[in-house]
Q: 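Here it is: the structure, laid out below.
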Amino acid sequence: MMDTSTPVLLLGGKENCLSVTRHLGRLGIPVRVSGAPNAWGMYSRYCTERLPVPRGMTQAAYWRDLLLGADEKFNGHILLAMSDAAIEFLLEHRDALGQRYILDDTNPQLQRDLMDKQRTLELGAMAGVGVPRHWTITDDKSIGDILPEVRLPAMVKPLQSHKFAEVFGCKLFIVETDKEDLRAKAALAWSRGIAVMIVEMIPGPDDLLSSYYTYMDARGRKLFRYT
């Protein structure tokens, strides 16, 4: 019989957080959820306890106080990251968290690579996976050098989506008709300290998009999967 006594604390996420909360909760595992208001798992009936991030406080700061402070209430929980911000938090504090909590099997360098959207595309191309055309940009001159190659519509896309979304409230900038707007949008992102790249935009409605989720253990076994 499965041992369901060890509680789980999910950090961040949206639809993935909700799905994991439901699944683990139905198995009888106590599930707590912490995140911004859009951490959908907090609103599930299978959520044992909601731990919303207070208004005006960053998720990282709240989780640091919650999990590494003097209060040991959550010691022994399994911690699972459901978002880029949560992955970044666990990577930054992995050693300290590992002394108090059960952490997932992970390859920290691979996680850092996959947090970087440009590096992700590079790894995909190396693995033989088809990826959209993309261009590295670091300043106005580098944009000028690649503009003749770019076909519109194109995207000014952040290397780290969660940091961009915190500032601009969206995932990226879409430029449809004026290539010079690529310069303006990139400069706007750089002014806020956010690294970006230019990526070709694949046409098609959103109902052609899909996301795949899984958890692979240290031996390469996929313990669950859903789209």
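Fair warning: this is a prediction, and the values are worked out from it, not measured in the lab.
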Q: Would you call the rings of Phe89 and His93 parallel, tilted or perpendicular, where under 30° means parallel and over 60° means perpendicular?
A: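 Tilted, since the angle between the ring planes falls between 30° and 60°.
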Q: Say whether Ile174 and Val156 are linked into one hydrophobic cluster, either directly or through other cluster members, by side-chain heavy-atom distances under 4.5 angstrom.
A: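 Ile174 does not cluster with Val156.
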Q: Thr48 side chain to Pro30 main-chain N or O, any donor-acceptor pair under 3.5 Å?
A: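 Not confirmed, Thr48 side chain does not pair with Pro30 backbone.
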Q: Which residue in the set Ile78, Val31, Leu79, Leu51 passes side chain to side chain contact (heavy atoms under 4.5 Å, CB included) when paired with Leu10?
A: Val31
Q: Will you find, in the side chains of Asn16 and Ser19, an N or O donor that is under 3.5 Å from an N or O acceptor?
A: no
Q: Can you see whether Gln118 engages His134 through a side-chain donor-acceptor pair at a distance of less than 3.5 angstrom?
A: no
Q: To the nearest 0.5 Å, what is the distance between CG (Leu208) and CD1 (Ile202)?
A: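 That separation rounds to 11.5 Å.
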Q: Side-chain heavy atoms under 4.5 angstrom apart, residues restricted to Ile, Leu, Val, Met, Phe, Trp, Tyr: same cluster for Val53 and Leu97?
A: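 Yes, same cluster.
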Q: Aromatic contact between Phe164 and Phe173, with the criterion being ring centroids under 6.0 Å apart: yes or no?
A: yes
Q: What distance do Ile146 atom CD1 and Leu182 atom CG have between them, rounded to the nearest 0.5 Å?
A: 7.0 Å
Q: Do Val150 and Glu200 have side chains that approach each other closer than 4.5 Å (heavy atoms only, starting at C-beta)?
A: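 They are not in contact (no side-chain heavy atoms under 4.5 Å apart), so the answer is no.
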Q: Met42 versus Pro52: any side-chain heavy-atom pair under 4.5 Å?
A: yes
Q: Between Glu49 and Arg32 (salt bridge meaning N to carboxylate O under 4.0 Å), is one present in this structure?
A: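 Yes, this pair counts.
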Q: Begin with the C-alpha distance, continue with both residues' side-chain angles, and end with the deciding distance and a verdict on side-chain contact (heavy atoms from CB on, under 4.5 Å) for Met115 and His162.
A: CA-CA 9 Å; Met115 291 273 288; His162 65 292; 3.6 Å; yes
Q: Flag the pair Glu176 / Leu152 as yes when at least one side-chain heavy-atom distance between them is below 4.5 Å, and no otherwise.
A: no
Q: For the backbone of Gly41 and the side chain of Ser44, can you confirm whether one donor and one acceptor N or O come within less than 3.5 Å of each other?
A: no
Q: Which atom pair, heavy atoms only, marks the closest approach of Ala86 to Leu11?
A: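 Minimum heavy-atom contact is CB-O, 3.4 Å.
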Q: Side-chain contact test, heavy atoms from C-beta onward, threshold under 4.5 Å: evaluate it for Tyr43 versus Pro37 and give yes or no.
A: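 Yes, close enough: below the 4.5 Å cut-off.
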Q: Assess the side chains of Gln109 and Asp113: does a donor N or O sit below 3.5 Å from an acceptor N or O?
A: yes
Q: Run the salt-bridge test on Glu122 and Arg119 with the 4.0 Å N-O cut-off and return the result as yes or no.
A: yes
Q: Looking at Arg94 and Asp104, what are the two nearest heavy atoms and their distance?
A: NH2-O, 2.6 Å
Q: Just verifying a value: how many Å separate Lys185 NZ and Ile198 CD1, rounded to the nearest 0.5 Å?
A: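 If I round to the nearest 0.5 Å, the distance is 12.0 Å.
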Q: Does a side-chain heavy-atom distance below 4.5 Å link Ser161 with Lys117?
A: yes
Q: Answer yes or no: is there an ion pair linking Arg183 with Asp178, defined by an N-O contact shorter than 4.0 Å?
A: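 No, no charged N to carboxylate O under 4.0 Å.
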Q: State, without any angle test, whether Trp135 and Glu149 hold a side-chain donor-acceptor pair at a distance under 3.5 Å.
A: yes
Q: Within a strict 4.5 Å, meaning less than it, do heavy atoms of the Gln160 and Val196 side chains meet?
A: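 A side-chain contact under 4.5 Å is absent here.
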Q: Would you say that more than 12 heavy atoms from the other residues, nucleotides or ligands in this model lie under 6.0 Å from the CG of Asp217, or not?
A: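 Correct, the count exceeds 12.
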Q: Hydrophobic clustering (ILVMFWY, side-chain heavy atoms < 4.5 Å, transitive) - are Leu114 and Met82 grouped together?
A: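 Looking at the clustering, Leu114 is in a separate group from Met82.
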Q: Between CG of Asn38 and CG of Leu18, what distance do you get to the nearest 0.5 Å?
A: 12.0 Å
Q: Of all the heavy-atom pairs spanning Ala81 and Leu90, show the shortest one and how long it is.
A: CB-CD1, 3.7 Å
Q: Are the side chains of Ser34 and Leu66 in touch, meaning some heavy atoms are under 4.5 Å apart?
A: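 Side chain of Ser34 against side chain of Leu66, heavy atoms only: contact under 4.5 Å found.
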Q: For Asp207, does the CG atom have more than 12 heavy-atom neighbours from other residues, nucleotides or ligands under 6.0 Å away?
A: yes
Q: Is Arg192 atom CZ crowded by more than 12 heavy atoms from other residues, nucleotides or ligands, each under 6.0 Å away?
A: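 Open: at most 12 neighbouring heavy atoms sit under 6.0 Å from CZ of Arg192.
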Q: Ser142 and Ile137: which non-hydrogen atoms are nearest, and at how many Å?
A: OG-CA, 3.4 Å
Q: Should the pair Asp116-Arg112 be classified as a salt bridge under the 4.0 Å nitrogen-to-oxygen rule?
A: no
Q: With rounding to the nearest 0.5 Å, note down the distance linking CG in Leu24 to CG in Leu80.
A: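 It is 7.5 Å, given to the nearest 0.5 Å.
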Q: Can Leu68 be reached from Tyr62 by stepping across I, L, V, M, F, W or Y side chains whose heavy atoms are under 4.5 Å apart?
A: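 Yes, Tyr62 and Leu68 fall within the same hydrophobic cluster.
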Q: Side chain of Tyr101, backbone of Leu9: donor and acceptor closer than 3.5 Å?
A: no
Q: State plainly whether the residues Asp105 and Arg219 are in salt-bridge range, i.e. N to O under 4.0 Å.
A: no
Q: Please lay out, stage by stage, how Cys47 and Val33 fare under the test side-chain contact (heavy atoms from CB on, under 4.5 Å).
A: CA-CA 7 Å; Cys47 178; Val33 180; 3.9 Å; yes
Q: Are any non-hydrogen side-chain atoms of Phe74 and His77 less than 4.5 angstrom apart?
A: yes
Q: Is there a donor-acceptor contact under 3.5 Å from the side chain of Lys179 to the main chain of Leu147?
A: yes
Q: Examine Val20 and Ile102 and state if one hydrophobic cluster contains both, with Ile, Leu, Val, Met, Phe, Trp and Tyr joined whenever side-chain heavy atoms are less than 4.5 Å apart.
A: yes
Q: Could you tell me the separation between the CG atom of Leu172 and the CE atom of Met197, rounded to the nearest 0.5 Å?
A: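 Rounded to the nearest 0.5 Å, the CG-CE separation comes out at 9.5 Å.
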Q: If only side-chain N and O atoms count, and only distance matters, is there a donor-acceptor pair under 3.5 Å linking Asp3 with Ser5?
A: yes
Q: Look at the rings of Tyr215 and Phe224 and say which category their plane angle falls in: under 30° parallel, 30 to 60° tilted, over 60° perpendicular.
A: parallel
